[in-house]
Amino acid sequence: MTDEMPVVPEDTVDLPAESRDPAAPAPLGVARVPTGRPEVDAGLERLGDADHLPADGHLEVYEDVHRGLREALAALDAHPAVPPASPPMSSSYEHRS
């Protein structure tokens, strides 16, 4: 251990001392850009919940998002149901003599 004081970011200097607690949850400030896929965008929004939780609460959020992304990927692999084959159409040419 050292006797050096931790560096406090300049944008928090004017905040009360209790707001500068390095162990307190703080947003990372990472922009989340929508993808256009509702299931993925919901996961990105859910990640924002981790910004306001202590570190021991992050795991639940990350596992939830991971589960949602796995389901979205699995849905991409699912093949749409193949419609039943229709009977061949008879043509008038088949009945010629």
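Just so it is clear, the model here is predicted, and its values are computed rather than measured.
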CD of Glu60: more than 12 outside heavy atoms within 6.0 angstrom? no
For the side chain of Asp41 and the backbone of Pro34, is there at least one donor-acceptor N/O pair under 3.5 Å apart? no
Test of understanding: clusters of I, L, V, M, F, W, Y form through side-chain heavy atoms closer than 4.5 Å, transitively. Do Leu73 and Val40 belong to the same one? no
Nearest atoms (heavy-atom pairs only) where Ala50 meets His58: O-NE2, 3.0 Å
Using a strict 4.0 Å threshold on nitrogen-to-oxygen distance, state whether Asp51 and Arg32 make a salt bridge. yes
Can you hop from Leu53 to Tyr62 via hydrophobic side chains spaced under 4.5 Å? yes
Output all residues satisfying ring pair (Phe, Tyr, Trp, His ring centres under 6.0 Å) with His66, sequence neighbours left out; order by chain, then residue number. none
Going by salt bridge (charged side-chain N to carboxylate O under 4.0 Å, His left out), name the pairs with one or both residues in residues 66-76, residues two or more places apart or in two chains. Asp64-Arg67
With a 4.5 Å heavy-atom cut-off, do Leu69 and Val65 have their side chains touching? yes
Does any non-hydrogen side-chain atom of Arg37 lie less than 4.5 Å from one of Leu44? no
